[in-house]
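Comments concern the structure below.
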Amino acid sequence: MGQVQGKVALVTGAAAGIGAAIATTLGREGATVVLTDLDDRRGEATAEAIRAAGGQALYLHQDVTEEGRWAEVVGEVDKQYGRLDVLVANAGIAIMGPLLEMSLADWRRQTAVNIDGVFLTVKHGIPLMRKSGQGGSIVMISSVAGLRGSANLAGYSATKGAVRLFAKSVALECAGARDDIRCNSVHPGIIDTEIWDKMPAGAADSRRNAPIDARAIAEGSVPTGKLGTAQDIANGVLYLASDASRYVTGSELVIDSGLMAGRVGNLAAR
Ligand SMILES: NC(=O)c1ccc[n+]([C@@H]2O[C@H](COP(=O)([O-])OP(=O)(O)OC[C@H]3O[C@@H](n4cnc5c(N)ncnc54)[C@H](O)[C@@H]3O)[C@@H](O)[C@H]2O)c1
């Protein structure tokens, strides 16, 4: 018996990285998984890998910023399965660089995917979740950048901070409606995915035109020195998606190997 046996889950940005690990993990644990993404080739391949392992998965093309497509995607989930139990708002982009060099177009692109996309996820997903009358779990992928400021990631940090409070507000609206729908945010630390490769060389430090090296960033900033994996995040999402977390809503799950806890080092010794 899987931990999310019989549930229907929708995961956005599920073709690669953290989203693919979440979809694969939920599929392995018995959920029927609907994966959506812009990248059809990899999205189909991830869905096929879930099916090949004995799970149930369906891939649908989707840009999370397009409201018309949201109605179609949720309509398709309703037609095929008649219910929705788990909703994971994972799709996100990170635009790194000095704030004053960020164009308004880039600012808007980032807020469109990272905030508008999350808003549309719940706006269109909750009505189908409510239809079954059996509640559900919404998980929003924020970031440690949503818990504290980040130089050269100011726009990204703003979007992830917004998601943190949006999740709490959604949790409270659902609690008030007594619909048994829970909503929580997840805050990954430095995780080994392609999101880092998509950032331009020198974006982290304009004095050095080096490509972004997530492992080096983790070694320099994470107390344990460890770079996280997408599976580390998927494990936390599995808990929030499952009934094991039935009393958890409006909360934050930080998965960062100690990054938010503080700095290693004995100040008294200095
Ligand atoms: N990797 C990290 O270190 C890290 C840390 C904190 C938070 N996060 C967050 O985790 C989430 C997943 O990031 P990742 O590291 O797996 O990134 P990734 O770039 O590896 O994967 C993101 C996926 O989202 C898809 N996507 C992008 N824009 C989309 C859109 N408009 N509509 C639908 N799909 C879209 C991409 O095609 C891709 O498959 C993001 O919200 C990110 O901000 C990542």
Heavy-atom count check: over 12 atoms from other residues, nucleotides or ligands less than 6.0 Å from [X] [atom1]?
X      : atom1 : answer
Arg51  : CZ    : yes
Gln56  : CD    : no
Glu76  : CD    : yes
Lys226 : NZ    : no

Side-chain contact, heavy-atom cut-off 4.5 Å: [X] with [Y]?
X      : Y      : answer
Ile18  : Thr193 : yes
Ile138 : Val122 : yes
Val11  : Leu26  : yes
Asp192 : Arg215 : yes
Gln3   : Leu238 : yes
Ser137 : Ile181 : no
Met140 : Val186 : no

Spell out, yes or no, whether [X] and [Y] are grouped together once hydrophobic residues are joined by side-chain heavy atoms under 4.5 Å, including indirect joins.
X      : Y      : value
Leu259 : Leu253 : no
Val254 : Ile141 : no
Val222 : Leu153 : yes
Leu240 : Val163 : no

Strictly below 4.0 Å, N to O, side chains only: are [X] and [Y] in salt-bridge contact?
X      : Y      : value
Asp78  : Lys131 : yes
Asp106 : Arg108 : no
Glu252 : Lys168 : yes
Arg42  : Glu194 : yes

In terms of heavy-atom contacts, Thr46 and Ala15 come closest through OG1-O, 3.0 Å
Do we see a donor-acceptor contact under 3.5 Å between the side chains of Gln62 and Thr12? no
Can Ser157 and Ser150 be counted as having a side-chain donor-acceptor contact under 3.5 angstrom? no
Pick one: which of Thr121, Val74, Val170 meets side chain to side chain contact (heavy atoms under 4.5 Å, CB included) with Ile126? Val170
By side-chain contact (heavy atoms from CB on, under 4.5 Å), which residues pair with Ile93, not counting sequence neighbours? Ile95, Arg109, Gln110, Val113, Asn114
